[in-house]
Amino acid sequence: MSATTSSDGDDSFAAHSTLALEMGTMYIAQNDHLSAVGCLTEALAKCPEHDRNSQAALLEGLGVARFTGNEYDEAKSRISESIQIYGEIGDLAARAKALCLLGQVHLGLLEYSQAIAMLGEGSEIYAVIGDNRSKAIAWQNTAKIHVIRNEYSDAEELLWRALDVYLDIGDKREQASALCSLAQIYHLQSQYPEAIRLFIKVLEICAETGDQNTEASTFCTLAEIHRLRAEYPNAAECASRALKAYSDIGDKAGHASALQSLAETHRLQCQYPETIKLLTQALKIRAEIGDKCGEAWGLCALSQVHRLRREYSAAAEHASRAVQIYSDVGEKEGRAKALESLAETHKLQDQYPETLQLLTEVLEIWTETGYRQGEASSLRDLGAVHVARDEYSEATECVSRSLQIFSDIGDKVGSAGAMFDLAGIHHLQNKFSEAIQLFKQVLDVNTEVGRRPEEAMTLCALGTVHLSKSEYSKATECAYQALQIFSDIGIEVGRAAAMRILGQIHRLENMYPQAVVVHTQVLDIYTGVHDWEGQARALRALAEVRRLQHQYREALQLLQSALTINMDIGDKSGQAYAMLEAAHVHWCRKDYALAANSCSDAIQIFSDIGNKRSKSEALGALARTSLLQHKYDDSRRVYTQALECSKRIGDRNGEAFALCGLAEVHRLEGAHQQAVNLFGEALKIFTDIGFRAGESKALKGLANVHRPQGNLDEALALYSDALRIRTDIGHRKGRAKVLREIAETYVDKGLPDEAAAKFEEASKVFEEIGYTEEASSLEKKAADLRRESAS
C-alpha cells in the first residue's frame with residue numbers, strides 16, 4: 001500500500017513539476033523573470049529527494065530564469081547542477097540540452113572558450129544518440145561564437161556541416177537559418193556578392209515554405225548591404241519589400257523596423273525630410289503596440305537625423321526622451337546607447353565638458369553590468385573627446401585602457417579599433433614611427449579577419465602618415481591599395497577618401513593638372529551621395545590648387561562656395577579652414593588687410609570651438625601677414641602666441657613652424673645670431689619627428705641667414721642639404737627655389753658659369769610645373785651670365 005501511495009505521490013509531483021515549468025516559461029516570455037524564479041524555487045523546495053528527473057528539470061528551468069534576468073553566476077550554478085543529475089540518471093538527451101544551455105550562459109559572461117567547450121560536448125552527445133537536428137543547431141550556436149571572436153573560417157566550416165545535416169533531413173527552415181548565418185559571415189567580411197547570393201537562396205526557400213517572417217528580415221539585411229555599397233535604389237527596393245512582407249503577416253514591430261530601414265536609406269542620401277517622415281511613422285507604430293524599447297531606438301535614430309541637419313535642440317530633445325524611456329523600463333544597455341547619442345549631440349556643438357560627463361555615465365553603466373565590450377567602446381569615445389580638446393595624455397590613457405580590455409576578452413576587431421585610435425593620437429603628436437607601426441598592426445588584423453572597409457580605411461590612415469613625412473611614393477601606394485578595395489566593394493565615400501590623398505600628393509609634387517582632375521572627381525562623388533561636408537572639403541582642396549596655379553579669382557570663387565556650404569550646415573571648422581585658405585590667396589594678391597581679416601576670423605572660430613591646434617596654425621598665418629607687411633613687432637608677438645599655443649598641446653610640428661617664423665623675423669631685422677638659434681631649434685624638432693620637408697625649410701632658412709653675412713661656403717652647404725631632401729621627397733617647386741638660391745650664392749662668389757648652370761636647372765624645373773614666367777626670368781639670367789663670362 002505504501003508503495004502504491006509513493007507511486008501516486010511521484011506522479012502527482014511530476015505533474016506539479018511540469019505545471020511549474022510551464023508557468024516559469026510563461027513568466028519568462030512576459031519578461032517577468034522574478035516571478036519565474038519564485039515559482040520554480042518553490043517547486044524545487046517541495047520536490048522529493050528521490051525524484052531526480054524533476055529536480056534536474058526544475059534546476060534547469062531555474063537556471064534559464066536566472067539567465068533571462070542577467071544573473072549569470074546563479075544561472076551557471078543551477079544549470080551545472082542539472083547537468084550533473086542528468087549524468088547520474090543517464091538521461092543523455094536532457095544532459096546535452098543542458099550543456100548547450102550552459103554554453104549560452106558562458107557566452108553571456110563573454111567566456112567564449114567555455115561556451116564553445118559546452119556546446120561541443122553537447123553536440124557530441126547528440127551525435128551519439130543520433131539526434132542530428134539538435135547536433136546541427138549546436139554547431140550553429142558554436143559558429144555564432146566563432147563569429148564574435150572573428151574566427152570566420154571556423155564558423156563557416158561548422159555552418160556548412162550544419163547545412164549538410166539540414167539538407168539530409170529535409171528541414172528547409174533550418175536550411176534557411178544556416179544560409180542566413182553564412183551570408184552574415186560574408187557580409188561581415190565585406191564579401192557582398194557572395195552574401196547577396198546566399199540571401200537570395202534564403203528568399204527562394206522562404207517562397208517554398210511560406211516563411212514570410214524570415215523573408216522580411218532577409219530583405220532588411222539585403223537593404224543594409226546595398227546601403228553599404230551605396231546602391232540606394234536597390235536598398236530602397238529591399239526595404240520596401242520587407243515592409244510589404246511584414247504588413248502581410250501583420251507584424252507591426254517588423255513593419256516599424258522596415259520603415260526605419262527605409263529611413264536609413266534616405267538618410268544616407270541626405271534626404272532628411274523623407275527620413276524624418278518615415279521615422280515618425282515607425283515611432284507611431286512603436287507607441288501603438290507598447291514597444292517602449294523600439295520607441296526609444298527610433299528616437300535615437302531621429303536624433304541622429306537632426307544632428308546631421310545641425311538641429312541640435314531637436315536632436316538633444318529626442319535623445320533625452322530615449323534616455324528617459326530606457327530608464328523607465330529599466331533597460332540599462334538601451335539607456336547607455338541613448339546617452340551616447342546625447343553625448344554626440346553635445347560633442348558636435350563643442351560642448352566637451354557635458355560630453356565627458358555623459359560618456360562617463362555610459363562607462364559606469366557598462367562597468368556595472370559587466371559588459372566589457374561596451375566599457376572598452378566607451379573608453380574609445382572618451383579618448384576621442386580628449387583628442388578634440390588636444391588632451392593627448394588623457395586620450396592615450398583612455399584608449400590604452402580600452403585596448404587592454406579588448407585584448408583581455410579576445411576581441412581582435414575591438415583591439416584593432418583601439419590601436420587605430422592610438423595610432424591616430426601618435427600621428428597628431430608627430431610620432432610618425434609609432435603611428436606607422438600601430439597602423440600596420442591594425443592592417444594585419446583587418447586583413448586577417450576579412451574586414452575590407454576597415455582594411456581600406458587603415459591604408460588611408462597609413463598613407464596620411466607617410467604624407468606627413470613627405471614619403472610620397474609610400475603614401476601613393478597606400479592610397480591606391482585603399483582605392484582598389486573601396487572600388488571592389490562599391491563604397492563611394494571610401495573611394496573619395498582615398499582619392500583625396502592622391503590629390504594631395506599630386507599637389508605637393510606640383511602636378512597641378514592631375515590634382516585638379518582628382519579633386520574634381522572627389523567633388524563629383526560627394527555631390528552624388530549628398531555629402532555636403534565632403535563637397536566643401538573638396539572645394540577647398542580645388543581652391544588651393546587653383547591658387548598654386550595663380551588662378552586667384554577662381555580660387556576665391558571656389559572658397560566662397562565652400563564657405564556657403566559650411567555656413568548652411570553649421571560647420572564652423574570648415575568655415576575657418578576656408579577663411580585660412582582665402583588668406584593665402586589674399587597674400588598672393590597682396591591684399592594684406594583682407595588676409596588679416598580672414599586670419600582673425602579663423603582664430604576667433606577656432607578659439608570658440610576649442611580647436612587649439614588649428615588656432616595655432618591660424619595665428620601663424622596672421623603673423624606671416626604682418627611679416628609680409630614688414631610689421632615685425634606684430635609678427636613677432638603673434639608668432640610667439642602660436643609657439644606657446646603649440647607647446648601647450650604638445651604639437652611639435654606646430655612649434656617648429658612657429659620657431660621658423662620667429663627666426664625669419666629676426667633675420668629680416670638683422671638679428672642674425674637669434675635667427676640662427678631659432679632655425680637650429682626648429683631643425684632639431686623637425687629631425688626628431690622625421691618631418692623631412694620641415695628639415696629642408698629650416699636648412700634653407702639657416703642658409704638665408706649665412707649668405708648676407710658673407711658666409712657663402714656655409715650657405716652653399718646648407719642649401720645643398722636642403723636641395724637633397726627636396727629632391728628625395730619629390731618636392732619640385734621647393735627644389736627649384738633652392739636651386740635659384742644656390743645660383744644667387746654662386747653669383748655672390750663670382751662664379752658666373754656655376755651660377756648660370758644652376759639658374760638653367762631651376763628654370764627647367766619651373767617650366768615643368770607650369771611656372772613659365774619664373775622659368776623665363778631665370779633662363780634670361782643664365783644667358784646674361786654666360787655672355788658676361790664669355791666677354
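Quick caveat: nothing in here was measured; it's all calculated off a predicted structure. Counting begins at 1 with the first residue of the sequence. Reckoned from all heavy atoms, side chains included, excluding hydrogens, waters and symmetry mates.
- If you check the side chains of Gln575 and Asp571, you find no donor sitting under 3.5 Å from an acceptor.
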I would like to know whether Tyr72 and Phe67 meet ring pair (Phe, Tyr, Trp, His ring centres under 6.0 Å); could you show each step before the answer? CA-CA 5 Å; Tyr72 298 123; Phe67 179 48; 5.7 Å; yes

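- Using modelled atom types and a 3.5 Å distance limit, the side chains of Ser303 and Arg307 yield a donor-acceptor pair.
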Test Leu119 against Leu99 for side chain to side chain contact (heavy atoms under 4.5 Å, CB included), laying out the working first. CA-CA 6 Å; Leu119 286 162; Leu99 280 164; over 6 Å; no

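- Rounded to the nearest 0.5 angstrom, Arg241 CZ and Phe219 CZ are separated by 3.5 Å.
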Go through Glu333 and Lys337 one step at a time and tell me if the salt bridge (Lys or Arg N to Asp or Glu O under 4.0 Å) criterion holds. CA-CA 6 Å; Glu333 291 186 10; Lys337 290 172 182 175; 5.1 Å; no

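- Looking at Asp328 and Gln324, their side chains do bring a donor and an acceptor atom within 3.5 Å of each other.
- A donor-acceptor contact shorter than 3.5 Å is absent between the side chain of Arg380 and the backbone of Gly414.
- Inspection of the Arg173 and Thr214 side chains reveals no N or O donor paired with an N or O acceptor under 3.5 Å.
- Of the inter-residue distances, the one linking His386 atom NE2 with Ser393 atom OG reads 10.5 Å to the nearest 0.5 angstrom.
- Aromatic ring pairs are classed by plane angle as parallel below 30°, tilted from 30° to 60° and perpendicular above 60°; the pair His306 and His318 is parallel.
- Under the side-chain contact (heavy atoms from CB on, under 4.5 Å) test applied with Val64, the options Val105, Leu59, Leu101 reduce to a single match, Leu101.
- Under 3.5 Å, the side chains of Gln184 and His187 contain a donor-acceptor pair of N or O atoms.
- Closest non-hydrogen pair, Gly374 versus Trp366, comes out as O-CD1, 3.1 Å.
- Note that CD1 of Ile145 is 5.0 Å distant from CG of Leu107, once rounded to the nearest 0.5 Å.
- The shortest heavy-atom contact between Cys220 and Ala258 is SG-CA, 4.1 Å.
- Of the possible donor and acceptor atoms, none in the side chain of Ser261 sits under 3.5 Å from a partner among the backbone N and O of Ser257.
- In plain terms, the two heavy atoms of Ser341 and Ala319 that are nearest each other are OG-CB, 3.9 Å.
- When all heavy atoms of Leu159 and Ala143 are compared, the pair lying nearest together is CG-CB, 3.7 Å.
- In summary, the side chains of Asp390 and Tyr392 do present a donor paired with an acceptor at a separation below 3.5 Å, with no hydrogens or angles considered.
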